[in-house]
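Beneath this line is the structure, given in structure tokens, with notes to follow.
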There are 2 protein chains.
Amino acid sequence: MTVAAALTKNQSLVLDTLAASQTPLSAYAILDALRPEGLRAPLQVYRALEKLQERGLVHRIESLNAFVACGHPHCQETEMIAFAICERCGTVDEFAEEKVVEGLSLWAERHAFTIQKAAIEIRGICSDCSRPAA
Amino acid sequence: MTVAAALTKNQSLVLDTLAASQTPLSAYAILDALRPEGLRAPLQVYRALEKLQERGLVHRIESLNAFVACGHPHCQETEMIAFAICERCGTVDEFAEEKVVEGLSLWAERHAFTIQKAAIEIRGICSDCSRPAA
DNA sequence: GATTGTAATGTAATACTATTACATATGATC
DNA sequence: GATCATATGTAATAGTATTACATTACAATC
Ligand SMILES: [Zn+2]
Ligand SMILES: [Zn+2]
Ligand SMILES: [Zn+2]
Ligand SMILES: [Zn+2]
């Protein structure tokens, strides 16, 4: 039984930056946030992001070209995670909905399509933002 | 009762290019294809794409930064269309799966999230490409 | 048919996102 | 300490999208 290797310095920096953010960050936003720590080139960020995604610690939001720290407790239990993105405040909610997974799996089965990964992203207004102003 | 305005020259050029393609095309690929017709700048393509998307004649594939002509007969009947993208041959299948829509709507309802649009994209291997070589 | 308002177009410049290529360093294993 | 794999550093470049401004086309109105 192997133990997961520790995160490297750059990986930790990137993950911490994402975890501290309320909203998704672009690779370049991460880079700018980490310039004080000595990062200088986009590739340093992209490489860290790649490793973090492989471990499931970070997700890419395709419709934003941006990244978020994993915020779902059971993320490893399903391959198909969905994201709800608020257009107003930018927050992202990560969730797994069995019915969605079933629906996509069903279609795939019927059409002999082998799913490798999925991007499921809904955009709209979150509950906080649709509440009448206090 | 208003009649939908006819497509403009650039819009027609872009739509025809997409319709003739077996796979999604990037905006710049479209531009290159249309240089012989006189197009010169990215914006000419992006503007046409924007109008075509408003009409539902073209969809953007978020995970590819590319565009496809609408290939779904009932596309107007639901707001939530899904795409199956083959990693091998690049073809895109557009489909609506009721269970997926229900699942996402259900989550949205429970969390008071107002859905404005959705991007549902599965990546994998299509039936043609997974068949043993003939 | 001149005037006006709107939508579409043309062009240039710039901003944003991501990858390729190559050099160097670090740390474990033998 | 030689070797190998992984992580880093840096520069250059490729790919995607938008801002800003000038011009043209065209229908509606006067
Ligand atoms: Zn997650
Ligand atoms: Zn919100
Ligand atoms: Zn469609
Ligand atoms: Zn295929």
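Just so we're on the same page: letters track the sequence lines, and every chain starts at 1.
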* Asked: With sequence neighbours left out, what residues match B/E109 under side chain to side chain contact (heavy atoms under 4.5 Å, CB included)?
  -> none

Let me check something: any side-chain donor-acceptor pairs from residues 14-22 of chain B under 3.5 Å, sequence neighbours excluded? List them with distances.
unit_1: B/T17; atom_1: OG1; unit_2: B/L13; atom_2: O; d: 2.8
unit_1: B/S21; atom_1: OG; unit_2: B/T23; atom_2: N; d: 3.1
unit_1: B/S21; atom_1: OG; unit_2: B/T23; atom_2: O; d: 2.5

* In terms of hydrophobic clusters joined by side-chain contacts under 4.5 Å, are B/W107 and B/V100 together? -> yes

* **Length of the CG-P vector between B/L49 and D/dT18, whole Å** => 11 Å

* To the nearest angstrom, how far is B/Q11 atom CD from C/dT9 atom C1'? -> 11 Å

* Could you state the CG-P distance from A/L7 to D/dT6, rounded to the nearest angstrom? -> 16 Å

* How would you list, by chain and number, every residue that makes a ring-ring contact (aromatic ring centres under 6.0 Å, His included) with B/F83, sequence neighbours excluded? -> B/H59

* Structure fact -> Taken in chain and number order and not counting sequence neighbours, the residues that satisfy side chain to side chain contact (heavy atoms under 4.5 Å, CB included) with A/T78 are A/M80, A/I81, A/A96, A/V101

* Using a cut-off of strictly less than 4.0 Å between a heavy atom of the residue and any atom of DNA chain D, enumerate the qualifying residues of residues 57-66 of chain B by number. => B/R60, B/N65

* Distance in angstrom units between A/L31 CG and D/dT8 C1', rounded -> 14 Å

* Can you sort out the partners of A/E87 under salt bridge (Lys or Arg N to Asp or Glu O under 4.0 Å), two or more places apart, ordered by chain and number? => A/R123

* Hey, does the side chain of A/T8 come within less than 4.0 Å of D/dT6's phosphate (OP1/OP2), counting only N and O? -> no

* To do: For B/S26, check side chain to side chain contact (heavy atoms under 4.5 Å, CB included) against everything at least two apart and list the hits.
  => B/Y28, B/A29

* How many angstroms lie between atom OG of B/S130 and atom CZ of B/R88, to the nearest 0.5 angstrom? -> 8.0 Å

* Please report, rounded to the nearest Å, how far the P atom of D/dT8 is from the CG atom of A/L34. => 13 Å

Under 3.5 Å, which donor-acceptor pairs link side chains of residues 112-121 of chain B to any protein atom two or more places apart or in another chain?
unit_1: B/E121; atom_1: OE1; unit_2: B/S63; atom_2: N; d: 2.8
unit_1: B/E121; atom_1: OE1; unit_2: B/S63; atom_2: OG; d: 2.6
unit_1: B/E121; atom_1: OE2; unit_2: B/E62; atom_2: N; d: 2.7

Using distance only, find each side-chain donor-acceptor pair of residues 38-54 of chain A under 3.5 Å and give its atom names and separation, not counting sequence neighbours.
unit_1: A/Q44; atom_1: OE1; unit_2: A/R40; atom_2: N; d: 2.7
unit_1: A/Q44; atom_1: OE1; unit_2: A/A41; atom_2: N; d: 2.9

* Between D/dG15 (C1') and B/L25 (CG): distance, integer Å -> 15 Å

* Asked: Between the two end axes of the helix from C/dG1-D/dC30 to C/dC30-D/dG1, each built from 5 base pairs, what angle do you get to the nearest 10°?
  -> 20°

* **Gap between atoms CG and P, on B/L39 and C/dA8 respectively (whole Å)** => 16 Å

* Under 4.0 Å between a side-chain N or O of B/K9 and OP1 or OP2 of C/dA8? -> no

* To do: Report the residues that fulfil salt bridge (Lys or Arg N to Asp or Glu O under 4.0 Å) with A/E94, sequence neighbours left out, ordered by chain and then residue number.
  => none

* Could you give the OH-to-P distance, from A/Y46 to D/dG15, as a whole number of Å? -> 15 Å

Using the 3.5 Å cut-off, write out each protein N or O paired with an N or O of nucleotides 11-16 of chain C and the distance between them.
unit_1: C/dT11; atom_1: OP2; unit_2: B/R40; atom_2: NE; d: 3.4

